[in-house]
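Because the structure is a prediction, the values reported are computed rather than measured. The sequence lines fix the lettering, A, B, ..., with proteins before strands; numbering per chain opens at 1.
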Amino acid sequence: MAQVKLTLPDGSTMEVAAGTTALQVAEQIGPRLAKAALAAKVNTDVVDLSTAIERDADFAVLTFESPEGQEVYRHSAAHIMADAVLRLFPEAKPTIGPAIAEGFYYDFDVHKPFTDDDLARIEAEMAKIIDADLRFERQEVSAAEARALFEARDNSYKVEMIDELEEHDEQTISLYRHGDFTDLCRGPHVPSTGKIVAFKLTSVAGAYWRGDERNPMLQRIYGTAYPERKLLEEHLERIEEAKQRDHRKLGRELKLFSIFEEAGAGLVYYHPNGAMLRQIVTDFTIREHLKRGYQLVRTPHLLKSTIWEISGHAQQNYPMYYTRIEEQSYGIKPMNCPGHILIYNSDTRSYRDLPIRYFELGTVYRHERSGVLHGLLRVRGFTQDDAHIFCTPEQLTDEIVGVIEFAQDMLTTFGFNEYKVLLATRPDNAMGSDEMWQHGIDALGAALDQCNMDYQIAPKDGAFYGPKIDIALKDALGRLWDGPTIQCDFNMPERFDMSYVGADGQEHRPVMLHRVVLAGIERFLGALIENCAGNFPTWLAPVQVRILPITDRNVPYADEIAEQLREEDLRVEVDRESATLQAKIRGAELMKIPYMLVVGDREEQSGQVAVRSREEGDLGPRSLEEFLEHARVEAAMPHAAR
RNA sequence: GCCCACGUAGCUCAGUAGGCAGAGCGUGUCCUUGGUAAGGACAAGGUCACCGGUUCGAUUCCGGUCGUGGGCUCCA
């Protein structure tokens, strides 16, 4: 019998008889691996363990350790869930059910939404299916056969998917069956339902078919699955811990901000601590912009609606607010670009002036739909660290590199190490010539490469007016929120007839870049709070030092120390409560204040302070000067890493 | 905006099968003046989100509005 040569992930090779299944290969490598095996990877294809290997290939056994293995595992769990749902609700129509980052979901068309009680029943039914250890079997049929199968079940969703597969020239349609449940599915799957050890259905939600709100709303059940009970429990604990870092919870506890129901959804009120935090962040941002050759500008919140007609926002029905002043319609700005363009256009610009970089902490209002509002992460009124760069086509790549580096520096300085970068390309409804688009995309891509950024292409995800780079930050629960963005704009310069005089004495159209680094300050603060769990580094902490007098006798000394620290521009407060030292320490710890200075009779006599740090606890007594030497450094605004 | 769940004291939450509303924390006063994460006593705090309906009577049941949470979509 013919032998085939397999190259394993460690680079070693092994020979097996042609026709050997992936599972048999795993068994030959080792019994433990075979037991943990969920699927296999042959060259670049992820396949069932029952797949026979017919020719030489790169070969890897996939376990739960690998992302692909997790995906297979959870996708199989989704099938089991769909089976359980159909057993309990025979009229339900399964649509799609993929694995996602931390679990899986399945969308069903049902007459009545699922309740929490239903989830428990579905879980119980899933347990039965798992106990029965039913084999997952792959079956390949023609599109016609597949269509007949799902038409018989009156499942138009699956029929629609089969039609699309056919359009994409798929030769055969694969089905996966376990027990009496058969689903349209590319696969692969784990060998049998018994492989699923620990699972939990976490929530029900509405979701539109294909994510389009014009389509019917389906009922989505979310769940997750792990090969060990312990891993599932750890996952659930992680979620609990993440909830402790939720910026909405910390915002209340640390007295940072409020959103008042009676005053309007999505509108933020900063309390003294939050306003201080915000001020430090924006002061820092302004300084960093000035360092990088940006010029500060400032534009009004109201512009005549005629401006929004020129910009095109009015015609596009951009979700903005309008008001009337003496019979004139005004729009409340949802973005700052028109204002910056007016300033640019107020004078004749030469190529020698470019690039021009206008920067503004611009407060904008957008009518975000009620269902999407979320703490500070999605609001209706927010302030952007917004800039517009006007440059020549030749300057474009350098300008983009400058912004990417700026964004990297700022994210690093604020402690964000995890983010996702997307380069969005031309959508179907785009305006502008192919050349312009290609120039923009090339410039963005070249800049990303020059900055050694890992990025993914988001095809057709650009704005209609130009391609863009989006950088997304993660919140406590791992959800992504758009942060820095750099957008090329081929539309506005046309609409506002912008120009500069070139070296040739002719008028030219400048290239325009929209960019935000922190993005929405509100959103940035929300992400910042979650990222550091409210333990702001000393330079950002709204209160840097709290002085804790042990008895009322020591209050005047505490005040004296506070005065000296304020002279040094430290943010200090004195705890005057008639409470025990323990209680005062607890209070300061709960407020996550970086330094506590305990002052009692002993300190008063020696002229010292007893330092306690949030991170390191009791550091013992020292002179005020000694504390200050250290605190001055920590409290100083950093120079962005670069 | 759409689907589901929810809205009781400043916060976290009990409770009322329709009959005068509860706890802990926090706050105030008093006592206590203490040495590195909660000292004690007493007190004040609620049109049970808002508006309407059913009812002898609604915080509780029904409808609407506003808001919140988890999703969908969109976006900084």
Please determine if a side-chain N or O atom of [X] lies less than 4.0 Å away from the OP1 or OP2 oxygen of [N].
X: His514(A); N: A76(B); answer: no
X: Thr485(A); N: A76(B); answer: no
X: Arg252(A); N: U12(B); answer: yes
X: Arg214(A); N: G1(B); answer: no

What about [X], does its side chain sit under 3.5 Å from the base of [N] through a donor-acceptor pair?
X: Arg369(A); N: U73(B); value: yes
X: Glu603(A); N: G35(B); value: yes
X: Arg220(A); N: C72(B); value: no

Classify the angle between the aromatic ring planes of [X] and [Y] as parallel (below 30°), tilted (30 to 60°) or perpendicular (above 60°).
X: Phe390(A); Y: Tyr358(A); answer: perpendicular
X: Phe490(A); Y: Trp437(A); answer: perpendicular
X: His289(A); Y: Phe406(A); answer: perpendicular

Under 6.0 Å from the [atom1] atom of [X], do we count more than 12 heavy atoms belonging to anything else shown?
X: Tyr365(A); atom1: OH; answer: no
X: Arg298(A); atom1: CZ; answer: no
X: Lys592(A); atom1: NZ; answer: yes

What contact category does [X] fall into here, base, sugar-phosphate, or nothing, at under 4.0 angstrom with non-hydrogen atoms?
X: Ser578(A); answer: base
X: Gly483(A); answer: sugar-phosphate
X: Gln582(A); answer: sugar-phosphate
X: Arg553(A); answer: sugar-phosphate
X: Gly211(A); answer: sugar-phosphate
X: Ala588(A); answer: nothing
X: Asp601(A); answer: base

- Criterion side chain to side chain donor-acceptor pair (under 3.5 Å) against Glu589(A), the qualifying member of Arg546(A), Lys584(A), Arg612(A):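 Testing each of Arg546(A), Lys584(A), Arg612(A) against Glu589(A), the sole residue satisfying side chain to side chain donor-acceptor pair (under 3.5 Å) is Arg612(A).
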
- From the list A37(B), C74(B), U73(B), which nucleotide is the closest neighbour of the side chain of Arg378(A)?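 Comparing A37(B), C74(B), U73(B) against the side chain of Arg378(A), the answer is C74(B).
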
- Item | Which nucleotide in A37(B), A76(B), G35(B) has an atom nearest any side-chain atom of Arg586(A) |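 Closest nucleotide to the Arg586(A) side chain: A37(B).
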
- Task: Could you check if the base of G52(B) is syn or anti? Syn means the glycosidic torsion is within 90 degrees of 0.
- Result: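 This nucleotide is in anti.
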
Are any protein N/O atoms closer than 3.5 Å to N/O atoms in nucleotides 60-66 of chain B? If there are, list each pair with its distance.
none

- Query: Whole Å only: how far is the CG atom of Leu377(A) from the P atom of G71(B)?
  - Reply: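 Rounding to the nearest Å, CG of Leu377(A) and P of G71(B) are 12 Å apart.
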
- Integer-rounded Å distance: U36(B) P and Ile585(A) CD1: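 My rounded result for the distance is 7 Å.
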
- Item | The single option from Tyr105(A), Phe199(A), Phe104(A) passing ring pair (Phe, Tyr, Trp, His ring centres under 6.0 Å) against Tyr222(A) |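 By the ring pair (Phe, Tyr, Trp, His ring centres under 6.0 Å) criterion, Tyr222(A) pairs with just one of Tyr105(A), Phe199(A), Phe104(A): Tyr105(A).
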
- Task: With RNA chain B as reference, determine whether Gly617(A) or Lys468(A) sits nearer its 5' end, using the nearest nucleotide of each.
- Result: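 With Gly617(A) and Lys468(A) compared, the 5'-side residue is Gly617(A).
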
- Earlier contact from the 5' end, RNA chain B, for Arg612(A) and Val516(A):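 Closest to the 5' end, via its nearest nucleotide, is Arg612(A).
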
- Message: Could you tell me the Watson-Crick or G-U partner of G67(B), where both distances fall under 3.5 Å? Say none if there is no partner.
- Response: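 Because both required distances fall under 3.5 Å, G67(B) counts as paired with C6(B).
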
- Query: Who does A41(B) pair with, Watson-Crick or G-U, both distances under 3.5 Å?
  - Reply: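 Across all strands, the one nucleotide that pairs with A41(B) is U29(B).
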
- Query: Could Lys112(A) and Asp118(A) be called an ion pair, given the rule that one side-chain N must be under 4.0 Å from one carboxylate O?
  - Reply: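 Looking at Lys112(A) and Asp118(A), the cut-off is not met.
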
- Can Arg74(A) and Glu102(A) be counted as an ion pair, charged N to O under 4.0 angstrom?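 No, this pair does not count.
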
For nucleotides 2-4 of chain B, give me every protein contact, N/O to N/O, under 3.5 Å, one pair per line with atom names.
| from | atom 1 | to | atom 2 | distance (Å) |
| --- | --- | --- | --- | --- |
| C2(B) | O4' | Tyr208(A) | OH | 3.4 |
| C2(B) | O2 | Tyr208(A) | OH | 3.2 |
| C3(B) | O2' | Gln219(A) | NE2 | 2.9 |
| C3(B) | O2 | Gly206(A) | N | 3.2 |

- Message: Looking at every heavy atom in both Leu376(A) and Gly526(A), which two are closest together, and how far apart are they?
- Response: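 So the two residues come closest at CD1-N, 3.8 Å.
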
